[in-house]
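Each remark here refers to the structure printed beneath this line.
Residue numbers start at 1 and run along the sequence shown.
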Amino acid sequence: MMVGILGCGAIANIITNFASEGKLGVDLKFFYDRDMERAENLASQVDGIVVLNINDMLDQVDLVIESASPQAVMEVVPHILERGKDVIVMSLGALMDPALRNHLDEIAKQNNSKIYAPSGAVVGLDGIKAASIGKIREVSLVTRKPPKSLGISTDKETILYEGKARDAVRKFPVNINVAAALTIACGKEVDVKIIADPAVDRNCHEVHVVGDFGELKTTTQNIRCATNPKTSILAAYSAIKLLKSLNENLKILT
């Protein structure tokens, strides 16, 4: 499988490192970023090709990893799908817009392409997806991050947001993909609390779900990417595992 990357930031860097060690299970070859130097740095690790326009890779690849921004999901991903190419969407917050999600789904159906959404920086989505077959009555997320990861400076615990996932994604578009992933997985909008906490050095997510299945609680404490503290290493790992699973004969799914 030939793969290209749209957006050469922290997540793309981790994925490319795995590819350079022969651990990815696919052929990562094409790179695009508005910052040409970032694309060139990653491409050099795998003898890859930097393209000046995303269109320049689409005749060559089977799948594109979007690791750029919610704006890229809105503006670029539709065109990728129209060309019959599969897409892994890392900027899941964009998919909180039902109109956009339905639009992308329709394009994918018309062009026999697929949209993949990795589990990202939280554990337990497999169980939540299974639980959503029954009725889910409550689902909440408490995200606790170091202030720097949330783009602020404070020396005391500060609640930055408390409300529904859709508004949280709009206010913190690069910090709260977990809320989007949970909402999409369970089919019910998540109640979200975002806390800047100088006492923690990891990105922490506490999930609580109650429904016909019973009750589920998970806590994830993520190591942050060295190059971008807003991003958790687990988010990149989830994309790597998804890529590897595409070529596996034995798949453990919900």
Is [X] reaching over with its side chain to a backbone N or O of [Y], donor-acceptor style, under 3.5 angstrom?
X: Ser67; Y: Gly7; result: yes
X: Lys145; Y: Arg202; result: no
X: Ser232; Y: Ala235; result: no
X: Lys29; Y: Asp47; result: yes
X: Thr158; Y: Lys156; result: yes
X: Lys244; Y: Lys23; result: yes
X: Ser238; Y: Gly120; result: yes
X: Asp56; Y: Val51; result: no
X: Asp191; Y: Lys164; result: no
X: Asp62; Y: Met2; result: yes

Can you measure from [atom1] ([X]) to [atom2] ([Y]) and round to the nearest 0.5 angstrom?
X: Thr16; Y: Gln45; atom1: OG1; atom2: CD; answer: 6.0 Å
X: Leu24; Y: Met1; atom1: CG; atom2: CE; answer: 10.5 Å
X: Arg34; Y: Leu6; atom1: CZ; atom2: CG; answer: 9.0 Å
X: Leu42; Y: Cys8; atom1: CG; atom2: SG; answer: 5.0 Å
X: Thr231; Y: Asn203; atom1: OG1; atom2: CG; answer: 8.5 Å
X: Lys85; Y: Gln60; atom1: NZ; atom2: CD; answer: 8.5 Å

Distance-minimising heavy-atom pair for [X] and [Y]:
X: Asn177; Y: Gly93; result: OD1-N, 2.9 Å
X: Glu82; Y: Asn111; result: O-OD1, 3.0 Å
X: Ala131; Y: Ile136; result: O-CG1, 4.0 Å
X: Glu189; Y: Val139; result: O-CG1, 4.0 Å
X: Ala43; Y: Val50; result: CB-CG2, 3.6 Å
X: Ala239; Y: Ile15; result: CB-CD1, 4.0 Å

Do the non-hydrogen side-chain atoms of [X] and [Y] ever get within less than 4.5 Å of each other?
X: Asp212; Y: Ile133; result: no
X: Ser149; Y: Pro229; result: yes
X: Val123; Y: Leu234; result: yes
X: Pro118; Y: Ile88; result: yes
X: Ile54; Y: Met57; result: yes
X: Val89; Y: Ile115; result: yes
X: Leu63; Y: Leu246; result: yes
X: Val207; Y: Val122; result: yes

Determine whether [X] and [Y] fall in the same hydrophobic cluster, where Ile, Leu, Val, Met, Phe, Trp and Tyr are linked whenever their side-chain heavy atoms lie under 4.5 Å apart.
X: Val210; Y: Val190; value: no
X: Leu141; Y: Met96; value: yes
X: Leu92; Y: Ile5; value: no
X: Ile240; Y: Tyr116; value: yes
X: Ile49; Y: Ile65; value: no

Should we say atom [atom1] of [X] is surrounded by more than 12 heavy atoms from elsewhere, each under 6.0 Å from it?
X: Phe172; atom1: CZ; result: yes
X: Asn102; atom1: CG; result: yes
X: Lys230; atom1: NZ; result: no
X: Glu40; atom1: CD; result: yes
X: Lys148; atom1: NZ; result: no

Considering only NZ, NE, NH1 and NH2 on the basic side and carboxylate oxygens on the acidic side, decide whether [X] and [Y] come within less than 4.0 Å.
X: Arg170; Y: Asp167; result: yes
X: Asp59; Y: Arg83; result: yes
X: Arg144; Y: Asp197; result: yes
X: Glu162; Y: Lys193; result: yes
X: Asp105; Y: Lys109; result: yes

| request: Would you sort out whether Ile159 and Ile194 count as a side chain to side chain contact (heavy atoms under 4.5 Å, CB included), showing the intermediate values? | output: CA-CA 6 Å; Ile159 298 175; Ile194 303 173; over 6 Å; no
| Verdict with reasoning, Leu182 to Ile128, per side chain to side chain contact (heavy atoms under 4.5 Å, CB included) | CA-CA 8 Å; Leu182 286 169; Ile128 292 172; 3.5 Å; yes
| message | I'd like to know whether Glu66 forms a side-chain hydrogen bond (donor to acceptor under 3.5 Å, both in side chains) with Ser91, so could you lay out the CA-CA distance, the side-chain angles of the two residues, the decisive distance to 0.1 Å, and finally the verdict. | response | CA-CA 7 Å; Glu66 175 282 313; Ser91 304; 2.7 Å; yes
Do the side-chain N and O atoms of [X] and [Y] include a donor-acceptor pair separated by under 3.5 angstrom?
X: Ser113; Y: Asp86; result: no
X: Asp97; Y: His103; result: no
X: Thr220; Y: His205; result: no

| Derivation and outcome, side chain to side chain contact (heavy atoms under 4.5 Å, CB included), residues Ile80 and Leu58 | CA-CA 7 Å; Ile80 297 171; Leu58 294 184; 4.2 Å; yes
| request: Under the side chain to side chain contact (heavy atoms under 4.5 Å, CB included) rule, what do Val209 and Glu215 come out as? Steps first, then yes or no, please. | output: CA-CA 6 Å; Val209 183; Glu215 185 174 9; over 6 Å; no
